[in-house]
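First the structure, in the form of structure tokens, and then the observations on it.
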There are 2 protein chains.
Amino acid sequence: MAKKNELIKGSIDSLLLCVIVQQPIYGYQIIKELEKRSQGYFKFKEGTLYPALHRLEKAGLIRGEWQTLPNGRQRRYYHITENGLNILAAKRGQWLDFLTAMNLIIQPVPK
Amino acid sequence: MAKKNELIKGSIDSLLLCVIVQQPIYGYQIIKELEKRSQGYFKFKEGTLYPALHRLEKAGLIRGEWQTLPNGRQRRYYHITENGLNILAAKRGQWLDFLTAMNLIIQPVPK
DNA sequence: GCATAACACCTAGTATCACTATGCACAATA
DNA sequence: TATTGTGCATAGTGATACTAGGTGTTATGC
């Protein structure tokens with residue numbers, strides 16, 4: 001059964017923060033942005049993204065604000081909070097640690 | 001509240017296969033081996049390891065065999081199967097892909 | 001001698017979380 | 001006109017790593 005990639009689990013929060021930290025951005029655009037930047041690797045579904053955004057907002061790492069477009073439609077723009085910045089820095093460190101540990105085990109493609 | 005590291009999810013199978021592929025080894029020793037090789041980063045609990053081993057065995061990626069030690073005690077040694085070798089190769093590739101994608105997003109520690 | 005840690009296996013229950021599927025609403029395109 | 005794209009949202013599901021507990025033996029510390 002092996003899902004496509006269980007590795008992704010636990011990485012979403014970091015990915016979202018990485019995108020949001022660069023500019024206020026709304027949900028739908030985040031999906032597009034992550035797909036573009038990862039050269040098509042990350043293709044999150046709305047069912048994955050929105051709950052994650054709500055989680056992050058509830059945790060105080062990001063803050064969302066509704067904005068009304070000229071045509072009357074609404075978008076919810078997220079920006080990162082002070083706390084979010086700290087957590088993002090920590091998460092980058094965690095990623096490096098994890099990466100290092102994984103490579104110590106998985107790399108040895110002795111051959 | 002942000003578990004220590006959700007990134008680990010999805011990586012266990014690969015880690016186990018990486019260790020088992022090098023030598024027949026038993027559960028308890030796998031924990032020690034992963035901790036040693038990762039310089040203390042990976043410290044899996046039995047409650048994580050044994051179900052994972054059973055899962056891999058059920059999937060046909062590894063095979064376990066009970067061995068009786070001179071003192072009469074028993075250990076279950078696991079070795080990798082042909083299918084396990086293939087999956088391991090695939091998982092190594094998946095790891096590289098994931099790694100690449102993650103770095104494209106997370107790396108930009110501009111500054 | 002006795003208690004604690006280490007060895008070595010196991011399971012049940014829980015929480016998390018990314019997924020599928022679905023819904024609403026409007027705009028643009030085919 | 002029908003489909004695709006934009007933009008938000010939730011309910012339900014499945015996978016999985018965790019906590020917490022259990023069994024029994026051996027080695028170490030006090």
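For the numbers below, each heavy atom of this structure counts, side chains included, while hydrogens, waters and symmetry mates do not. All figures in this text were calculated on a predicted structure; none of them were measured in a lab. Each chain gets a letter, A, B and so on, in the order its sequence line appears, and its residues count up from 1.
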Can you tell me how far P of C:dA18 sits from CZ of B:F98, to the nearest Å? 11 Å
Are any side-chain N or O atoms of B:T81 and backbone N or O atoms of B:G60, one a donor and one an acceptor, separated by less than 3.5 Å? yes
Measure from the side-chain heavy atoms of A:R76 and tell me the nearest of C:dT20, C:dC7, D:dC8. D:dC8
Can a side chain N or O of A:Y50 be found less than 4.0 Å away from OP1 or OP2 on D:dC8? yes
Between the protein and nucleotides 22-29 of chain D, are there any N/O to N/O pairs under 3.5 Å, and if so, what are the atom names and distances?
from, atom 1, to, atom 2, distance (Å)
D:dG24, N2, B:R73, NH2, 2.8

To the nearest angstrom, the CD1-C1' distance between A:I31 and D:dG5 comes to 12 Å
Between C1' on D:dC8 and OH on A:Y26, what's the gap in Å once rounded to a whole number? 12 Å
List the residues meeting side-chain hydrogen bond (donor to acceptor under 3.5 Å, both in side chains) with B:Q74, not counting sequence neighbours, and say none if there are none. B:T68
A:Y28 has an atom OH; how far is it from atom P of D:dT4, in whole Å? 13 Å
For C:dT20, does either OP1 or OP2 sit under 4.0 Å from a side-chain N or O belonging to A:K45? yes
note: B:F44, atom CZ; D:dT19, atom P; distance rounded to Å ~ 12 Å
If a pair satisfies salt bridge (Lys or Arg N to Asp or Glu O under 4.0 Å) and one of its residues is in residues 15-30 of chain B, list it, with sequence neighbours excluded. none
How many whole angstroms separate atom CG of B:L53 from atom P of C:dA8? 14 Å
Round to the nearest Å and state the distance from B:L49 atom CG to C:dC10 atom C1'. 11 Å
Phosphate OP1/OP2 of C:dT11 contacted by B:H54 side-chain N/O (<4.0 Å): yes
Report the residues that fulfil side-chain hydrogen bond (donor to acceptor under 3.5 Å, both in side chains) with B:Y26, sequence neighbours left out, ordered by chain and then residue number. B:Q29, B:R75
Nearest to the side chain of B:P51 - D:dC8, D:dT19, C:dT11? C:dT11
Starting from C1' on C:dC7, measure out to CG on B:L69 and report it in whole angstrom. 11 Å
Under the salt bridge (Lys or Arg N to Asp or Glu O under 4.0 Å) rule, what pairs show up with a residue in residues 55-64 of chain A, not counting sequence neighbours? A:D13-A:R55, A:E57-A:R76
Does B:K32 have a side-chain nitrogen or oxygen under 4.0 Å from the phosphate oxygens OP1 or OP2 of C:dA8? no
Less than 4.0 angstrom between a side-chain N/O of A:R55 and OP1 or OP2 of C:dA18, yes or no? yes
Any side-chain heavy atom of A:L53 within less than 4.5 Å of one from A:I30? yes
With nearest nucleotides of DNA chain C determined for B:Q29 and B:T48 from heavy-atom distances, which residue corresponds to the more 5′ nucleotide? B:Q29
Summary of salt bridge (Lys or Arg N to Asp or Glu O under 4.0 Å) pairs that have at least one residue in residues 79-90 of chain B, sequence neighbours excluded: none
Judged by nearest nucleotide, the residue sitting upstream toward the 5' end of DNA chain D, A:G47 or A:Q74, is A:Q74
